[in-house]
Amino acid sequence: MTKGWLSSLEKVDDYRWRLPTSYKPGMRVPGLIYADERLLRTMAGDQAVEQVANVAFLPGVVGYSMAMPDIHWGYGFPIGGVAAMRLNGGVVSPGGVGFDINCGARLIRTDLTEAEVRPVLGRLADQLFRDVPSGLGAHGPLRVSNNELDDIMLHGAAWMLDRGYGAPDDLDATESHGCLAGADPATVSRRARERGQEQLGTLGAGNHFLEIEVVEAVYDEEAARAFGLEIGRVVVFFHCGSRGFGHQVCQDYLSVMEKAARQFEIVLPDRQLACAPLDSKQGKDYLAAMAAAANFAWANRQAIAHWTRGAFAHVLGRPAAELGMTQVYDVAHNIAKVEEHRVDGQSMRLCVHRKGATRAFPAGHAEVPPRYRKVGQPVLVPGDMGRYSYVCAGTERAMAETWGSTCHGAGRLQSRGAAKRSLQGVDIVGRLEARGIVVRVRNRSLIAEEASEAYKDVADVVEVLDRAGISRKVARMKPLAVIKG
Amino acid sequence: MIAQPPFETFDHTADVGIVGRGLTLGEAFANAAKAMFSLMVDLDRIEPREERRIEVEADDREGLLVAWLAELLYISEVDNLVFNRFDVDEISDTRVVAHAFGEPLDLDRHNPKLMIKAVTRHMLEVASVAGGYQVRVILDI
C-alpha cells in the first residue's frame, strides 16, 4: 500500500510538484506534476497521481514521469501523462498511447466574421452535421479497398490530398506532415482493417466534436498573426482520432505486450501498462502498427477538414479558398514518437509517450512549419462545449523540461455518471442555445456527460502552462455551434 | 443478505466500469456482456433475430474476460449488431464458447447511447465470491 499522494508531493514552485520515488517502491524516476494548488485539489479522490507513480515503473524511463495540468484518471497512464524512454533498454507501452491512437485536434481559420456567419449558422451546422458522420453506428461515406487502406496506412493525410481532399498547404500545417514514418500494414490485423474500412471519415462520439468558433481574445499578437488568428474571425475546431482502426490495433497489441512483459520479466503495477522493449520484435511491430493507425487518423481528419470546407462553401456560396479557410494546425495528442532531445547536456533519441498530451516545439525547431518558425508550434487546446478553447505556442522551456510537451485540453473533472446525476433535469442544449450557441447532437440525453460542469476550466489549465513556461497563450475562441455524435 | 444486481456500471473519471455477477463464471461473463451493451443501447428493445457464435482464448481468466468483451465489440461494430442475450456453452480459465443473440442496430428504436472504443485492462478482476463469481473491467469511452 502507498500512503496518500497529496502528503507525499514536494512543492518545487507554484506550478510544479514532485512525487518522490519513495512514494511507491518500484518507481525508477520521480513524478513531476504541473498544476497549481487549486487544480491539485481537483485530483483528490482520483487515481491520476497513482498512475503517474505507476508509469515511473517502466524500464528505461528518463527524467520524470510527467503529468500536465489537465491530468485525470485514465487506464494505465493518466490522461495528461508524458514519459520518455531510452531506445536502448527502454520500453514502448500501448497504454501510454491509448486506444484512440493519434486522437488529435485540427484548427481551420476563415476570413469570415461572426456577423457574416450568424445569419446562416443554423444551416451551416445542419450541413456539417450531415456531411461529417458521427455517433454510434456511423459509417464513413468513403469506401476503400484493402490496397487503398494499405496506402492510407503508409501515407496518411497525403493519401487524401492526392484524391483532392484538401489544400497543399494542409500538410505543412500538420504535425509530422500528417504521416509517421515506419508504418507497416503487415503488422495490422484483419480486424483493425475491417473496423477502419467502416469508419474512415467519421467523427466518433463521446468527447469528440466539431465546433464553429470565433476568436474572442488574443494574448500574443505576433503569434496570432502568424497563425492567421484575429479577434472577431470565425474558425472551425474539431477533435477526433483513428476510430475503430486504432482501437483495434491497441486492443490487439495489449495481448501481445502482456506476453512480452512476461517474457522480458517486466514488473508492472497495472496490466494496462503492458509493454515490450523498444528493440524487441513486439516493440517494433507495435510501433509500426501504431504508425499505421496514426496515419489513418491523419487521413480521417483530412477528410473531415475537406467536408468542413465543402459545407462552408455550399452554405456561403463561395469556394473555401475565397473564404480564407486555411489550416492553422493539426496536432496528435495520443502518440509515441521517437524524437531527439537533450538529456544531461547530450543529444539523445528517446521514445516520447504522450497520452492526452500535445507536442509543443519551440520557435526555431526544424519540425515547426517555416511560417511559424519565429513564434513556435501552434498548440491546440480544446476546452468544453460551453466555455472556450485556446491556441497556445510551444516554448524552449517545454523542450528543456517536458520533452516539448504540454496539455491537450481541459481534462475531465467529473465522471460521466456524476455529471449526469448532478445535471438531472437541466436542459443543457437549451442552456447553450440561450447563449446563442447552435447545437446539433445525435443523442441529446447524453449531452450532460459532456457539459461544462464535467470539465476543469481550461482557462485555469492554460494559465498554469503559461506561468510554468511550457506553453505561451496566443488566443482564445468561444463556440458558436457545436456538432457532436 | 441483499441480493446484488446481475450487472451494473460504475463511475470512472474519463471512462466507465462494468461489473458482471453470476453463480457460474459463464453467467458472470454473460452479465458483463449485458452491462457493456446496456451502455450502448436499451437492452429491452433488442429483438433476438440474429445469432453469432463466439469462441475466444486467452492465457488466463482476466485475459479471457477482455478477449470475450473485445470480440463482442468487434462483431457489433463490423456487423452493426447489438446483443442482449448471451448463452455460454463452454468456459474454462482460458477458453469460452458462446452464442450471442440480437439484431442490427436501429438508431430510431434502440435509443443509442455511448460508443465504446475498447476494453481496457485497468482494474481488471475475475473473482470468486460468496455464491459465485464477480468480474470487473473498465471500458474506454
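Computed from a predicted structure; not experimentally measured. Within every chain, numbering begins at 1; the chains are lettered A, B, ... in the order of the sequence lines, protein sequences first and strands thereafter.
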Next on the checklist: Taking the basic N atoms (NZ, or NE/NH1/NH2) and the acidic carboxylate oxygens, is any pair closer than 4.0 Å for A:R262 and B:D59?
Outcome noted: yes
Item to check | Test: B:E125 and A:R271 ion pair at under 4.0 Å | outcome: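 Between A:R271 and B:E125 there is no salt bridge, as every charged N stays at least 4.0 Å from the carboxylate O atoms.
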Item to check | side-chain contact (heavy atoms from CB on, under 4.5 Å) between B:K113 and A:N443, intermediate numbers included | outcome: CA-CA 7 Å; B:K113 301 177 210 176; A:N443 187 351; 4.2 Å; yes
Checklist entry - Does the A:Q251 side chain pair with the main chain of B:V119, one donor and one acceptor, at a distance under 3.5 Å? => result yes
Checklist entry - So, does A:R412 use its side chain to make a donor-acceptor pair with the main chain of B:T13 at under 3.5 Å? => result yes
Considering only heavy atoms, which portion of [X] lies under 4.5 Å from any heavy atom of chain B: side chain, backbone, both, or neither?
X: A:R243; result: side chain
X: A:Q414; result: backbone
X: A:R193; result: neither
X: A:Q51; result: side chain
X: A:I79; result: side chain

Report the distance from atom [atom1] of [X] to atom [atom2] of [Y], rounding to the nearest 0.5 Å.
X: A:L136; Y: B:E77; atom1: CG; atom2: CD; answer: 8.5 Å
X: B:Y74; Y: A:R190; atom1: OH; atom2: CZ; answer: 4.5 Å
X: B:L124; Y: A:Y75; atom1: CG; atom2: OH; answer: 14.5 Å
X: A:H139; Y: B:N80; atom1: NE2; atom2: CG; answer: 4.0 Å

Item to check | Option that, when pairs with chain A are counted at under 4.5 Å, heavy atom only, ranks first among B:V16, B:D11, B:L107, B:V66 | outcome: B:D11
Checklist entry - Counting heavy-atom pairs under 4.5 Å to chain A, which of B:V78, B:L105, B:D140 comes out on top? => result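 That would be B:D140.
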Item to check | Residue pair A:S255, B:R121: steps toward the side-chain contact (heavy atoms from CB on, under 4.5 Å) verdict | outcome: CA-CA 10 Å; A:S255 309; B:R121 283 165 166 76; 3.2 Å; yes
Checklist entry - Do you know which of A:H72, A:R191, A:K259 has the most heavy-atom pairs under 4.5 Å to chain B? => result A:R191
Next on the checklist: Can you tell me which of A:E198, A:R442, A:E258 forms the most heavy-atom pairs within a distance under 4.5 Å of chain B?
Outcome noted: A:E258
Item to check | Proximity breakdown for B:D106 and chain A, heavy-atom pairs closer than 4.5 Å | outcome: neither
Checklist entry - Mind checking whether B:H12 and A:W73 have parallel, tilted or perpendicular rings, split at 30° and 60°? => result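 Because their plane-to-plane angle lies in the 30° to 60° range, the rings of B:H12 and A:W73 count as tilted.
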Checklist entry - Do B:H122 and A:D270 have side-chain atoms, one donor and one acceptor, less than 3.5 Å apart? => result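 Yes, because at least one side-chain N or O of B:H122 sits under 3.5 Å from a partner of the opposite role on A:D270.
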Next on the checklist: For a side-chain contact (heavy atoms from CB on, under 4.5 Å) check, start with the C-alpha distance between B:K117 and A:D100, then their side-chain angles and the critical distance, and finish with the verdict.
Outcome noted: CA-CA 8 Å; B:K117 288 179 182 169; A:D100 201 355; 3.4 Å; yes
Checklist entry - Under a 4.5 Å cut-off applied to non-hydrogen side-chain atoms, are B:L114 and A:E449 in contact? => result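 Counting from C-beta outward, B:L114 and A:E449 do come under 4.5 Å.
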